[in-house]
Amino acid sequence: MAADKKFAGYLCTGCGIGERLDARQLSQIATREGKMAACKEHPMLCSAEGVQLIRDDIAAGNATHIMIAACSRRAKVEAFSFPEVAMSRANLREGVIWLRPEGDEHQETTQEMADDYVRMACAEVRFMTQPTGSGEQTLNRSLLVVGNGVTAMTSALEAAKAGYGVHLVCDEGELGGVYKDLYKRVPFRAAPVGVSNARTAPLPQPEEPGVAEMIAAIQANPRIQVHLNAKVTKTSGAPGRFSADISVESGSTVTENFGAIVQATDYKPYDANLLPEFAYGKSPDVVTNFELERLAKAANGGPLKRPSDGKEVKAVAFIQCAGQRSDKEGHLPYCSGFCCTESIKQAMYFKAQNPGCDATVLFDDLRTPGAAGEDFYRAGQQAQVTFSKGKASAVDINGGKLTVKFKDLILDEDTAMECDLVVLATGQVPNSGPDPYAQLAVDEAPTEEEKAAARKALEVAPPSILNLDYRQGTDLPHLKHGFVDSHFICFPYETRRTGIYAAGPVRRPMDMKQAIDDAAGATLKAIQAAENAARGAAAHPRVGDLSYPTFRKEGCTQCKRCTVECPFGAINEDEQRYPQFNESRCRRCGTCMGACPVRVISFENYSIDSVGQQIKAVDMPDEFSEKPRILALACENDAYPALDMAAQSGGQISPFARVIPVRCLGSVSLSWITDALNSGYDGIVLMGCRRDDDYQCHFVRGSKMAAERLSKVGDTLQQLNLEQERIQVYEVAITDVQRAPQLINDMAATVEKIGMSPFKF
Amino acid sequence: MTEVVATNETILVVGGGISGMTAALEAAETGKQVVLVEKRPYLGGRVSQLYKYFPKLCFPTCGLEINQRRAKMNPNLRVLTMAEVTGLKGEKGNYTATVKISPRYVNGNCTACGECEKAVSSEFDDEYNYGLGKRKGAYLPYRMAHPAQYVLDPRLIGTPEADQAKAACKYNAIDLDMREESVDFPCGAVIWATGWQPYDAAKIQPYGYDRFPNVITSVEFERLADPQGPTGGKLVRPSDGKEAKKVAFIQCAGSRDRNHLLHCSRICCMASLKQCTYVADAWGKDADVSVYYIDLRAIDRFEDFYAKVRGIEQVKFIKSKPASIVADKEGNPVVHGVDTEGYNRYADSFDLVVLAIGMEPSVDQASFPVDIVLNREGFIEADEANGGVFAAGCASDALDVNRAVQHATGAALRAIQVVHGAAGVEG
Amino acid sequence: MAKRQYSFYPGCSSQKGASSSNYLVSVQTMCEELDIQLNEIPDWNCCAASIGYAGGGELPRLTLSARNIALSEQHHAGQDIVATCAACWLSTREAAERLHEDQSLLAECNTALAEAGLKLKNATPIKHMAEVLVEDIGYETIAAKVKKPLSGIKIAGYVGCQTNRPFGIAGESYENPRYLDKLVEALGGDALTGYEKKVQCCGGALAFSEPAKSQEMVKGIIEAAYDHGADLIVTPCPVCQMNVEVYQDEINATYGTQFKMPVVYYSNLMAVAFGRSAKEAALNAQIIPAKALDDLAAK
Amino acid sequence: MSDLNTAMIERYRTNFLKEVEANVEEGEWVKMCMQCGVCSGSCPLGKFWAHPPQEIFMMIRAGKREEVLSSDSMWMCTSCYNCIVRCPRELPITHIMHGLATYAKRLGLVPQNQPTARFAQMFWDNLMKKGRVNELKLGLALYFMNGFGEGVKTALKKQKLGMNMMKTGRMNPMEILGGHAVKDLSGFQKVIQKAQELEDARIAQHGARQGA
């Protein structure tokens, strides 16, 4: 198709474009300068009729590359959808007439602005090819699920139910994981319809854990193959073509291929030995919530006995947040989210068996959210569990008894209670592998103590779980506290290793019910990744994008910038240290392209040229014209929509600005900057997303990488002896509707102050 | 007449809020045919009315932009707005849905150029701003609304203004003859994502929401804080426009209360912590914030955010469910109660009181068009008896956005399992 | 139209020569106008109000009310019990509900009643007169009977506690009940709907044992009425009426105030509005005369 | 200290909560308190309570038996029912307060000269005599509650009030001689007597109330 390119331009004169701008001139520019074979005008191009006009040209083979000059690329997307051809769009409505005031005094510059956008769109499309996928794609309807517990088992069962095959890798001798010893589980439901709101209403009680049933279902399922006492010793490939070595203790290893991977390795119980103040380890009658389940299981409905002397427990105290919600050395800073309901349940074990037994829960905030949660709190109260808002400070051993010292926060006094058994509600420690960026964290730590902390994390790094054969490390990157969670509130399954999804408590602390829901979600994403890989389509956020990065080998200097900077660790290196892009691992952000100092990396529809030529296409008035040119490179996810919305709400922008949307600031090549400066632009504004710990960059590190690269652009300016102010890099949010245009206008003001660039040729 | 192309392998998603959008998009991006039915004229639901998300304090419109792009680009997804499911017959793998579509009086020709809005004059309460502001009778519900297509308020129909609007449109986008219509189409599985609504604050009589203008709800406060909101983001109080520097947040307003909602609405604690930062950011040292709570439920990693807000010296936390609110002569709400940590009585006067209002399911138990297993709070429980109908997000429980999306993604899988069955992919 | 019949529980304080005997007089006048026939429960006893608990304890206290209900069921089968005193109504209705939800208590209670050959079925609705007016008669009917509208008379509706909580009048809120305001409006009066002390406690029986504490609260109740420019306060409860009216001298002495705020019953208002004489309206029993009503009655 | 008190201490040892659940009117609902404090904030005489209702519940849980039972807090209850209607967990707080007061009285732990306790007793005795309350005698008894001298003072102070009441026919001096009464007085007294016995028996022997 690229063989004989047919360029066609289309100009919409609706929405005031025709009234505000000289349409004939725009068409002429498209054909004469923009090299469009023709430029057809239509009073309402997005109408059925207008769209048909374009369709006919495509059908007739007269258009393989089309330039649409109309509204923003964010508008009328459904109407202007021609997947079979390459398309660029000149933003004349939001980008020009809505951002510029009417009136003769503005007419000339506004028209020039529109002229340039048409030139730029023509240039862009000339250097685009409609992508068709890499041809590397394969469909593999099989998932690798790693983990022992309820989360992993749920994932396996849900995948099988959807028609997928599963290899379930469990590193223990039996399935069940952390919930193996569960006696009962916290009820999944609230009271049903019809139950009154009276204090006497019957409420859900602790229920059968259902773990055994799950294991049976797994064993009975022909689609699921379980590997016990097994580890994943090597994972290579990409979505659609993952290959994993599964090795069992006995030493044998099998290699299997997968479409995608779910890591559901749950959590490790917190090590209570770190809580000497509560006499754990000193008295056998101080146990963790995990150990209590075993006692309950052993008692099996009979009296719960003290480990020390086997006497029936007559008084038990639960210490909530044991080693949690605390910044003490060795404690967990977070709340594990499941301990409140677990303790209520366990207190009810004692009450169910002997109502005379005193069961007291010492809590700070009792956290039982939702409908089921609050009903279960009530159920515990109905069972006459005592809830005291108090902070336990110590557990003393005196003879056969234990004394819990605590501050009663309600009665505001230091006090103590005697009991036979103390249960420590300890938390969840994510069972994740080593953070691939642990070393990076050390290097990037701003302060000394943060450096020290990072170094410590590096030292105590856990063993690998996935053993990824990736350039950027063996496991999923951590977000915080060792959890391999997504950073995005709206996208909990946004993963930094394409095709590999974390599920359950390894992602964030959660109870069993949420882990089961989470397993289903992660499994869907894994299935989706496999299906998309089969089509060669990108995963979130550039869903369905068929383009992929390629490079000119002869030009490559094997500098490895691309393999280092890829935010998703998608790029490996072959034996000669050339990049291997692993298309289906790629998220199409273009950070590699931006990173490449020799400009050899490009996408079919997004390349050094597709942007570079737009920059060059702009008509550059001479130094004395008093018409500076300001280049704005704006992130298409946030800054560009902000400018569109500014246009919608009557914002104004300097007529000298030329805005180009980029996939991510990380894709910005320094060559664009130098070219722009050399061709006489007077100022350059770069607008990317927030890049700190609360980063908003949808490609994780893209914006950060760009900022680092651009920090060196000062040298370039010096070489050209241009003022540093001529280039500004900003973090811009989608809500910066007033600010975004202002930043551009500020640059215009700066240029007015420091004068035009001498580089106008 | 609206045509809907569908088969028994189609997935019907009811509700176009964050949960419904997510379920629909995840299914469509897995290659399934999806019909998304939304009652409002636009997608995004309540999330589109939030200023910021906790705990990142990022902007919901950011994720919405991406989801809207996903929706625009995906050929597997069909969106019906101003539409409601009124009937659902059949069984798992083989349903027939009946959908009522209310007239928008604006067709797909609309370019959102805004001429009709300029042509009309009368104004109505702005639903998008919970009635805190006004909008025209021809309107784009909000700036980022998708579909980017205007709406004509039915109250305009039959008035000269309707004709003025029609006359102002160059693109034949305004069709005053549109009528309510009802369409039937098949589907194999249904994802019920009808979300939540704020509990009626007027029912919490001791707090006088119905009597004191300076007692407002947390959802209203979001609109006040939003620069796109009715006050341009200025934190001023309704009665007299006075700057709201001394602000009280009252937790469990309607939640955890046998007189109102029995359940814990989960989000309110975090929402108030987030809104504390709005006040602190707006007034700095002059901010004076009190949070009255029973249990501060900053669950799991949200604890980090709680710690962060506790670090703001202008914010104090009082463990107490306030007994009542009265207004003084200046219209300042005075909050009465007892601080249960040490039992100190208080009668604190504020510029503004924000009720951290509870979440209730937006579909009441009586009006489900299909038999479905509910709990006593009206949330849908996962149950075999629901056949091919699966809840997503807040239709299933009081959830924050992150959990709602998580839940909706799982719901997409369960729906896909059903249509795979219908398609014989399974086995 | 046939008269409505109720089994009537007047209560100790409304007996002749007792503190709210005027209440009974005006209620009888009111009922004549509204075609209501009150059949007094024969040989009723005291309900122990909300203060009897310490002497009696739970079961004896409940049994007091049980006896009244049993007598009513025996002599006025099928008639709803109606009380004019808030405390009487509350104790009786509360006892009925308690005995309904706790069958063992009911059994004990009947064992006790058997001593006097009584038995409690406990199936009789127990109403306050305000409920009868609002729910059985209705504002419209009442308005229709008005001969002398209370035009221009500013009236603060002081609902108090026990007709309002925990049971209250159907459709009313605990914090802002409007039934007195609606009654006043039905009678053509000027209801001070913004009166914020309408549900403030007056101290109840503690007016006797803790006078200072009680009077401090009563002061607030009267002050607020003055703030709203009230000519008088209207109440549905004998304890409220007594506590708010009769201690004004003492309050003035303690606080240096000059209170002289008339406090009347809704039945006083109605009797006057229905065109009956000051005597029939029992206005002569006001310690602080309700001049506005006296004048109207005299017209 | 009464025998019953000693017996109860013996029976429940450390667990005051159980004692309350078993012996105090509606005491079994103390367990439902979720410590929000709305009751304490809603009480009109709250500022006079040494321990507002929720604190009393917490003290019960903490086993502060003496402090609770000999406290005069629950005697401050005016029975306004604000706490009951606002309680999110449906605790019958007013009744529990009455119950605690009654129980404290049974055990002989009421603070000396607690005015409401004494007035409540007078009221009860008064109504027991005739089956109906005799306001005049009750009033006089009240005045003379703290001895004759005090009584005369109070009586004089209240003279105007009394005169007012008499003038308006709302107090009748003749009540001093007899006054209103139920006809079947003996039947009435037998019934209440019986109820008293049943309750005393119940508490004295097994303690546990049904439903507790």
Side-chain angles (χ1 to χ4, degrees), chain A residues 14-15 44 46-47 75 77-78 158 161-163 189-193 195 197 325 333-335 337 365-371 373-374 409-410 412 480 488-493 508-510 517-518 520-521 523-525 527-528 531 541 543-544 637-638 641 645 648-649 694 696 733-735, chain B residues 18 26 29-31 53 56-59 61-63 65-67 70 72-73 109 111 113 143-144 148 170-171 227 256 258 262-264 266 295-301 303-304 340-342 365 374-377 379 381 397-398 401-402 405-407 409-410 412-414 416-417 420 425-426:
Chain A
C15 292
M44 185 187 179
C46 60
S47 64
V77 176
E78 298 92 333
E158 294 289 350
K161 203 171 171 194
R189 296 187 179 192
V193 167
V195 172
N197 67 346
R325 299 179 64 193
Y334 51 87
C335 153
D365 295 288
L366 204 69
R367 292 175 172 172
T368 58
E374 197 63 18
L409 294 166
I410 294 294
D412 194 26
K480 208 165 181 206
F488 287 97
I489 286 144
C490 358
F491 307 111
Y493 298 108
R508 77 188 288 172
M510 60 179 80
D517 287 339
D518 201 36
T523 306
L524 182 275
K525 293 302 289 184
I527 289 173
Q528 189 184 67
E531 300 281 338
V543 196
N637 292 306
D638 292 73
M645 285 188 268
Q648 265 178 290
S649 33
D694 284 334
Q696 276 306 103
I734 191 166
T735 46
Chain B
I18 188 77
E26 294 299 345
E29 288 172 5
T30 313
Y53 279 145
K56 257 178 78 181
L57 301 179
C58 55
F59 305 102
T61 38
C62 166
E65 168 72 11
I66 290 186
N67 281 334
R70 291 166 77 187
K72 292 174 196 168
M73 311 245 284
N109 286 355
T111 65
C113 69
R143 201 168 47 197
M144 246 183 80
K170 297 196 195 71
Y171 312 104
R256 304 182 65 189
R258 59 106 46 194
L262 287 160
H263 62 271
C264 161
R266 188 190 309 257
D295 296 283
L296 218 310
R297 292 184 165 175
I299 204 162
D300 67 45
R301 286 198 293 98
E303 185 71 26
D304 298 349
T340 62
E341 293 183 341
Q365 305 188 355
L374 299 169
N375 62 36
R376 64 174 169 175
E377 295 297 273
F379 295 108
E381 299 280 12
D397 198 4
V401 169
N402 193 266
V405 173
Q406 170 196 28
H407 188 261
T409 312
L413 177 62
R414 304 219 152 90
I416 286 171
Q417 289 165 344
H420 270 179
V425 174
E426 196 187 347

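- For the options Thr61(B), Asn375(B), Asn109(B), Val405(B), heavy-atom pairs under 4.5 Å to chain A are most numerous at Asn375(B).
- In this structure a side-chain-to-backbone donor-acceptor pair under 3.5 Å is present from Asn402(B) to Ile489(A).
- Judged purely by atom type and a 3.5 angstrom limit, Glu377(B) uses its side chain to pair as donor or acceptor with the backbone of His263(B).
- Contact of the Lys56(B) side chain with the Gln696(A) side chain is registered, since non-hydrogen atoms from C-beta on lie closer than 4.5 Å.
- A donor-acceptor contact shorter than 3.5 Å links the side chain of Tyr171(B) to the backbone of Cys15(A).
- Counting heavy-atom pairs under 4.5 Å between each of Arg256(B), His407(B), Arg70(B) and chain A puts Arg256(B) at the top.
- Remark: side-chain polar atoms of Asp295(B) are paired, donor with acceptor, to backbone N or O of Leu366(A) under 3.5 angstrom.
- Of the listed residues Glu341(B), Gln406(B), Lys72(B), Arg258(B), the one with more heavy-atom pairs under 4.5 angstrom with chain A than any other is Gln406(B).
- With chain B as partner, the option from Gln528(A), Gln648(A), Glu374(A), Arg367(A) having the largest number of non-hydrogen pairs under 4.5 angstrom is Arg367(A).
- Of the residues considered (Gly410(B), Pro227(B), Ala298(B), Gly63(B)), Ala298(B) shows the highest number of contacts with chain A, using heavy-atom pairs under 4.5 Å.
- For the set Glu531(A), Lys525(A), Glu158(A), Met510(A), the count of heavy-atom pairs under 4.5 angstrom toward chain B peaks at Glu158(A).
- The candidate with the highest count of non-hydrogen atom pairs below 4.5 Å against chain A, out of Thr340(B), Leu262(B), Ile18(B), is Leu262(B).
- Of the atoms belonging to Asn637(A), heavy atoms from both backbone and side chain fall under 4.5 Å from chain B.
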